[in-house]
Every structure is written in C-alpha cells, then in structure tokens.
S.K.: 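Could you have a look at this structure, given as structure tokens, before my questions?
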Amino acid sequence: MGRKALSEHRMNPSLDPERLSDLDSPLRERVRAAVAAYQQRFGVAPELVVCAPGRVNLIGEHTDYNGFPVLPAAIDREIVVAAKLQHEARIDAVSSAESSPARCSLVEPLQPDPPGSWSNYLKAAVQVLLHYVPEPRGACLLVDASLPAGAGLSSSSALVVGTGVALLALHEQFPPRNELAEQFAAAERFVGTLSGGMDQAISLLAEPGTALRIDFFPLRTRVVPFPSGYRIAVCHSLVRAEKSGHARTAYNRRVWECTLGCRTLAMVLGKGRRLPLTRLADACRYEPSWPLSRFVDALAEVVPSRPVSARELAHSLNVSLDELLPPGPPVVPPEEPLPILARVRHVFEEAERVDQAVEALVRGDVEALGRLMEASHASCRDYYEVSCEALEELVACARSAGAIGPRLTGAGFGGATVQLIPEAAVDAFFATLDATFYRKRLPPGADAGPYRFGFVPSSGVRVVAV
Ligand code: GLA
C-alpha cells in the first residue's frame, strides 16, 4: 500500500461538471439549498454550482512560502457558489455570511477595496478569470458556506477558488487543477496577505480519504493514505483569525522575518558573496548533502538567538542595509529587533517533521504522527510565536481528552486546532471538550456543534451542472 500511496499523485485533471445525483447526500442537500436560495434571490435558476472545500493542515506550518512542503487534507465542509451569466458587464455576488453584496466591474481596471472588504476576494477570483478569458461576460453569484469563517480553515481561499472556478466554468474554461492552484495562489495576494500556496492547492487537488503532501516552486503533489479507523477532529478556539485583519499583519511579519533569515543565510553560504536564494528551501540546492539542521547551525554562527534588527545584522555581516534587504519597502522598520534565528529554526525543523509525518502515515503509525504533530505545535508556539492563550488551553483540554497530536492548524493567531481521534471515541472526545472548553466560553445553552467536528479527508473542488 505504501509504495502505491507514495507514487506521484494521479490527479483527475478535469473540472468537468458532475450531475447532482453524483454527489453524496449531505453535499447534495447543500447544493440544492444554494440553488433554491439563488432562485429566490435572482428569480432564475443558476447554471451551475461549485463546491470548494476548506482545509486542515496536519503538519508543515508556515513552510509553504519558504519553499518547504505541507501535509493538508480537505474538510468535508465547503464554500458553495451558485452562478449564472448576466448581461451587465460586471460580477455581482451576494453571500449568506455578509450583510452587503460585492461587485466587480469588468470594464474598469481592478482596484483593491479597503482591507477587510470581501469584494477583494471576488476581485482576486476575477483576476484568474481575466487570465483565461480576457473579455469575460458578467455573472451573478450566490455564496453559501458550511465552513466557519475566521476559524483558520481557509474559508477565504475556498471562497476565491469557488468563485473563480464558477466564473471559469460559466465561460466553459476548465484548466488543469494544478495550473489553477498556482494561478489562485498568486491572485489571492490581491487581498494583501503574502501567503504561500497551500490553501488553494488543497482546495483544488484533494482526493477523498487521503492527505496530500504538497511541494512548491514548482507545485508537486503526492497522495498519502489517511489511516482507516480514525477521524480528523477540528476544534475552533473561538478566537477569530481573519486573513484580512490583525492576523494578516502578524502573518506578513513572519514572512518578512523569514526573508531576512534567507538573505542572511545567502550571505553565510556564499561566504560573503550573496547566493541567489529566493526562499529558505533554496539553500538545499547549494548544499544538497547537508541535513536541514546544519543550515540552522550555519545561520546561528552569525545570527544571535536574541531578537536582532536588520541594521544590526547588516553591520555584523559587513554589508550595507540595502544589500541585506530585499527590494521594495520593508514590512518591519530596519531598527526593530526580530527573532530571526527562532523563526528559521522552526521552518527547517518543521520541514523535517513533514517528511517524517509522511513516513509515519505510510507505515500507518498514528502514534508517531501524533508525536510529530505535538512537536510542531510546541515549535509554532515557542519559535514561531503564532499560538495564543485560547489555543493553548484548547490543546491542553484535547490532550487530556485523549486526542492524538493536538496542535494549532493554519496560520495561527487564533483559529482552530487539529488532532486525530479513533473513530469509536469521537463522540466521547467532543463531550469532554464541550465540558472542559466550550461550556465556559459559549453563551449558556449554546450548541458547540458548529465549532468542533470530525471527518475523513474529502475531495477537492467540484463543479455541478444544475
Ligand atoms: C495560511 C496561508 C498558508 C500557510 C499557512 C501557514 O493558511 O494561507 O499559505 O502559510 O497560513 O502554514
């Protein structure tokens, strides 16, 4: 099984529309509900419905934009987009999660709206449409979600993928999924987050019952079997982590810290002449025989473990600040001390854990996977500093309730945890968690159900003809 599971991912390249009757019953009902809501709102039936799943990352956090792999799976909850062409040259969208509609003209140049506005996600999707169809027709979209927003489950990328694929399908464009993953990852930077490509790739490429190891630059995927008899449990910390809000600033700072770490490593490896490294993972090309830990050791010879400013780093490397910094405006002022060595240590060690986690899954060694996930959480907390009080408490409650490998998942700063639970123990696990975590945080009598759920990995985006 292991060998087969690790063969190159046999992706179904086609996004060809499926029939409603091809869907399993809970999804079929959600699609039917979206069709009915569309009819009620616009007075006509949609032409098609697209279902784009959210994701949970088992391990490999903050590695993607550094060029290292991730190991996510698709959640069985999604963004559902019902769509039809219209005569007006614009995209109109309404969403059950938003009080105001979003609109995007197809005749004026695309301009970002203020941060936090959901129309930016729509505009990110329109960018991909324009790449394939330079003179597109307008459309009316209705967005519905069975995925909680701000829970770190990538509802925003599912929104961009769902609306983008719907717009392309209306124009009878069905590009290969892996090509779209790169297009959507680039387009989502329209929202202002310097994020990697994990969320878009898994929403497009996931296969049911498996996790997906994804490597980047260029994008490559491998299906990894998910052990039978277990469920992935996702639990919301109830602290919202919005990609368009505070989490965006904190996230972009981490990207900047890694960029500085990378520029410094480029000098260290080049012994004074800067090697052309774009991301931390590029270092492996220059020293392919080194274990990953050796890159951290090499950096530690120049970068102290305490926070250090870019100016101080440039001074100790004997280069000008301009030589050290990447082109463009700095994300953090050069005088501000940053914990660069800790961030880089997390990235290289986490990359090693992804390899080990894939091996553990192939062996069916759930306990080993759990230990790696716990080590990942500790590193996210201590070296990458993306945890928070609620996530720590939730992880502790989950561990006492018997979870395997509880850890924060996604960018952090709030959002959700992920863990594995034996199938037979799922109900008892949630009952304990409700008593120890949710009861005191939710209003009296509130149902914790929407905030924690178990599932087996689901499939990537689907187009359904209506
Ligand atoms: C967010 C980003 C991803 C990834 C994770 C952290 O979800 O969108 O690209 O960087 O954070 O692993």
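In this text the structure is predicted, and so the values were computed from the model without any measurement. By convention here, the first residue in the shown sequence is residue 1. Counting starts at 1 for both ligands and their atoms, following the listed order.
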S.K.: Tell me which part of R254 gets within contact of ligand 1: side chain, backbone, both or neither, using heavy atoms under 4.0 Å.
M.R.: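 Looking at R254 and ligand 1, no heavy atom falls under 4.0 Å.
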
S.K.: Would one find an N or O of G196, backbone or side chain, under 3.5 Å from an N or O of ligand 1?
M.R.: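 Yes, at least one N or O pair falls under 3.5 Å.
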
S.K.: Which of the atoms of ligand 1 are close to R55, meaning less than 4.0 Å from one of its heavy atoms?
M.R.: 7 (O)

S.K.: Can you see which heavy atom on H377 is nearest to which on L408, and at what distance?
M.R.: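 Smallest heavy-atom distance, with atoms named: ND1-N, 3.1 Å.
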
S.K.: Looking only at side chains, do T417 and Q419 share a donor and an acceptor under 3.5 Å apart?
M.R.: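 Looking only at side-chain atoms, Q419 and T417 do form a donor-acceptor pair, the distance falling under 3.5 Å.
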
S.K.: Counting from 1, what ligand 1 atoms have a heavy atom of M198 closer than 4.0 Å?
M.R.: 4 (C), 5 (C), 12 (O)

S.K.: Does R452 come within less than 4.0 Å of D434, counting only side-chain N to carboxylate O?
M.R.: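 So R452 pairs with D434 through a salt bridge.
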
S.K.: Does the distance from a Lys or Arg side-chain N to an Asp or Glu carboxylate O, for E312 and R306, drop under 4.0 Å?
M.R.: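 Yes, E312 and R306 are salt-bridged.
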
S.K.: Where do D215 and R213 land on the salt bridge (Lys or Arg N to Asp or Glu O under 4.0 Å) test, with the steps shown first?
M.R.: CA-CA 7 Å; D215 285 82; R213 177 192 161 121; 2.8 Å; yes

S.K.: Using a strict 4.0 Å cut-off to heavy atoms of S195, name the atoms of ligand 1 that fall inside it.
M.R.: 2 (C), 8 (O), 9 (O)

S.K.: Could you work out, for atom 4 (C) of ligand 1, the closest of V70, D64, V386 by heavy-atom distance?
M.R.: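 Of the listed residues, D64 has the closest heavy atom.
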
S.K.: Could you tell me, atom by atom, which parts of ligand 1 come under 4.0 Å of a heavy atom of Y65?
M.R.: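 Counting from 1, the qualifying ligand atoms are 10 (O).
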
S.K.: Using only atom types and a distance under 3.5 Å, with no angle test, would you say the side chain of E61 pairs donor to acceptor with the backbone of G410?
M.R.: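 Confirmed, E61 side chain pairs with G410 backbone.
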
S.K.: Is Y251 in polar range of ligand 1, meaning some N or O pair under 3.5 Å apart?
M.R.: yes

S.K.: Is there at least one pair of N or O atoms, one from E61 and one from ligand 1, spaced under 3.5 Å apart?
M.R.: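 Among all N and O atoms of E61, at least one is under 3.5 Å from an N or O of ligand 1.
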
S.K.: Short N/O distance, under 3.5 Å, between D199 and ligand 1?
M.R.: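 Between D199 and ligand 1, an N or O pair is found under 3.5 Å apart.
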
S.K.: Looking at F453, is R77 sitting on its ring face, NZ or CZ under 6.0 Å from the six-membered ring centre and within 45 degrees of the normal?
M.R.: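 Yes, cation above the ring, under 6.0 Å and within 45°.
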
